[in-house]
Structure formats: C-alpha cells, structure tokens
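Quick notes on the structure that follows.
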Amino acid sequence: MSYCVNCGVKLAASEEKCPLCNTVVINPNITGEAKKEAVYSHRYEDYPRRKINLKYLSQIILVVIAVGVVVQTLCDFLISFSLSWSLYAIGAFGLLVCFALPVLTKIKSPYIATMIDLVALALYIFMIAWITGGELWYFEFFLPLHVLTSIYTFCMVIFLRKKRRNYFRAGGISLLFVCFLLILIEFLLDIFIVGKVYLIWSLCCAPLLLAIATLLLIIAARPKLREEMSRRLYMNY
C-alpha cells in the first residue's frame with residue numbers, strides 16, 4: 001500500500017496522481033515506470049513559506065474578544081443594573097479595533113494609522129479619567145506627555161520611511177528625547193502632587209543618557225567612523 005507524500009492519503013497501485021491533492025505519485029517499486037520529476041525536496045529551504053492571513057486572523061481574535069466583552073457587559077448590567085466596570089472592557093475593545101484597522105481595512109498610510117492609534121489611546125484614557133473623576137490629572141499630566149510622545153512617534157515613523165537611515169543619529173536623538181521626557185514627567189509630577197519642583201531622579205538619569213546620546217551623534221556626524229562601525233556591525237546605516 002502506497003501513501004501520498006503530500007497529504008498522506010492511501011493510494012491504489014494504478015493511480016498516478018493523488019485523488020485528494022493531485023500530487024504526482026512516484027512508486028520506485030513498479031518496474032518500467034517512467035522517471036518523473038519529484039514534487040518535493042529533501043531540503044527544507046526549498047519549500048515555499050505560507051503567508052499568514054493577518055486579516056482573517058485579526059477578525060477571529062476580535063470576534064472572540066467581542067464575545068467576552070458582551071458577556072462581561074451583560075454580567076455587569078445584571079449585577080449592578082448599570083454599566084460600570086464593563087466600560088473599561090468596552091473601551092479597551094474599541095482601542096484594539098483601532099489598532100487593528102490597518103490590517104482590517106485598506107489603510108496603507110502609516111501616518112493615518114498612527115494618528116488613529118494615538119487619538120484612540122487619548123480618548124480611552126480620557127474615558128477612564130471621566131469615569132474616575134480624574135479630569136484634572138488627564139489635562140495637567142497625561143495630555144502634555146501624550147502630545148509630546150505623539151510628535152516623537154510621528155518623527156520616528158518619518159525616519160523609518162526613509163530609504164537612507166542613519167541609525168546612530170536616530171539613537172542619539174531618541175536618547176535625548178527620553179532624557180527630556182523623564183525631566184518633564186518628574187516636573188509634572190512635582191507640580192501635580194507636591195506643588196513644587198525638585199527634579200531629583202530625572203537629573204540622576206540625565207547625565208548617562210546625555211553622554212550616550214552625544215557619543216552616538218558624534219559617530220553619526222563622522223562618515224568614515226560611521227561607515228567602519230556599520231560595516232563591522234553589518235548595519236545598513
């Protein structure tokens with residue numbers, strides 16, 4: 001009894017093709033059979049890689065999560081006769097849908113997709129602040145950080161879209177942004193919680209970040225040094 005090398009179905013001795021997957025049958029035990037081209041390879045790398053259907057996979061994940069959100073909402077309503085904690089799940093599901101929009105739709109522009117994600121995140125955090133009565137910390141603490149981070153995110157998207165990328169300059173600028181962001185976070189926390197500005201832990205981290213950022217920017221400004229390091233690190237600077 002022979003078996004198909006592709007799908008494993010049992011084959012009759014007279015069959016030249018698999019009745020299930022149409023794979024050509026090669027039986028070396030039958031004498032006089034003409035030599036046929038093999039339909040498979042002994043090398044793994046010769047097999048074509050199948051691409052995952054991200055759109056279909058995203059739809060399945062969203063449907064499963066949606067069912068869970070509906071169940072949570074019904075439980076919340078039946079227990080408290082109102083929507084309280086289930087609003088967090090509903091908002092999180094909406095945020096997840098926004099993140100999946102580039103896969104589910106024909107949005108090809110990374111700028112539009114990034115803007116949708118950032119706006120959706122800001123709205124979700126605002127919903128949490130509104131439910132908990134924390135509009136003050138949202139507008140005085142979260143929103144300035146979110147705006148600054150959004151600007152940086154758009155800059156990184158623009159950089160990644162460039163054909164000729166200077167990773168050393170990008171790394172140096174990124175560290176400078178992180179340094180500034182840490183100082184801003186402590187500044188806003190001091191103003192919002194204490195009422196005075198101290199700037200302790202952020203200034204402790206700043207010298208190390210500034211030193212590394214300066215080194216990366218120096219490398220980025222020297223083409224020969226950058227080319228040598230890129231060649232040794234196998235980077236397309």
Point-to-point distance, once rounded to the nearest 0.5 Å, from [atom1] of [X] to [atom2] of [Y]:
X	Y	atom1	atom2	result
L78	T73	CG	OG1	10.5 Å
T105	K55	OG1	NZ	8.5 Å
S174	I212	OG	CD1	12.5 Å
L175	L216	CG	CG	6.0 Å
L121	I125	CG	CD1	5.0 Å
L95	C98	CG	SG	6.5 Å

Chi angles and distances behind the side-chain contact (heavy atoms from CB on, under 4.5 Å) call for Q59, L104: CA-CA 8 Å; Q59 291 173 345; L104 298 175; 3.7 Å; yes
Non-hydrogen side-chain atoms of [X] and [Y] separated by less than 4.5 Å:
X	Y	result
I107	I116	yes
L182	L209	yes
K196	D190	no
F154	L118	yes
F187	L199	yes
L215	F168	no
S202	I185	no

Out of curiosity, does [Y] fall in the hydrophobic cluster containing [X] (side-chain heavy atoms, cut-off under 4.5 Å, transitive links)?
X	Y	answer
I112	F159	no
L181	Y152	yes
I193	L188	yes
W201	I183	yes
V63	Y56	no

As a quick check of understanding, evaluate side-chain contact (heavy atoms from CB on, under 4.5 Å) for Y124 and I128, giving each step before the final call. CA-CA 6 Å; Y124 179 62; I128 296 176; 3.7 Å; yes
Between S86 and L83, does the side-chain contact (heavy atoms from CB on, under 4.5 Å) criterion hold? Intermediate values first, please. CA-CA 6 Å; S86 60; L83 298 180; 3.6 Å; yes
Sub-3.5 Å donor-acceptor pair from the side chain of E186 to the main-chain atoms of I200, do we have one? yes
Listed once per pair and sorted, the ring-ring contact (aromatic ring centres under 6.0 Å, His included) pairs that draw on residues 72-98, sequence neighbours left out: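 Of all non-adjacent pairs touching residues 72-98, none passes ring-ring contact (aromatic ring centres under 6.0 Å, His included).
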If you look only at pairs with a residue in residues 125-150, which of them pass as a ring-ring contact (aromatic ring centres under 6.0 Å, His included), with sequence neighbours excluded?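 Pairs touching residues 125-150 that pass the test: F126-Y138, Y138-F142, F142-H146.
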Is it true that, when you exclude M115 itself, more than 12 heavy atoms of the residues, nucleotides or ligands shown sit nearer than 6.0 Å to its CE? no
side-chain contact (heavy atoms from CB on, under 4.5 Å) between F180 and L148, worked out: CA-CA 10 Å; F180 175 72; L148 184 63; 3.4 Å; yes
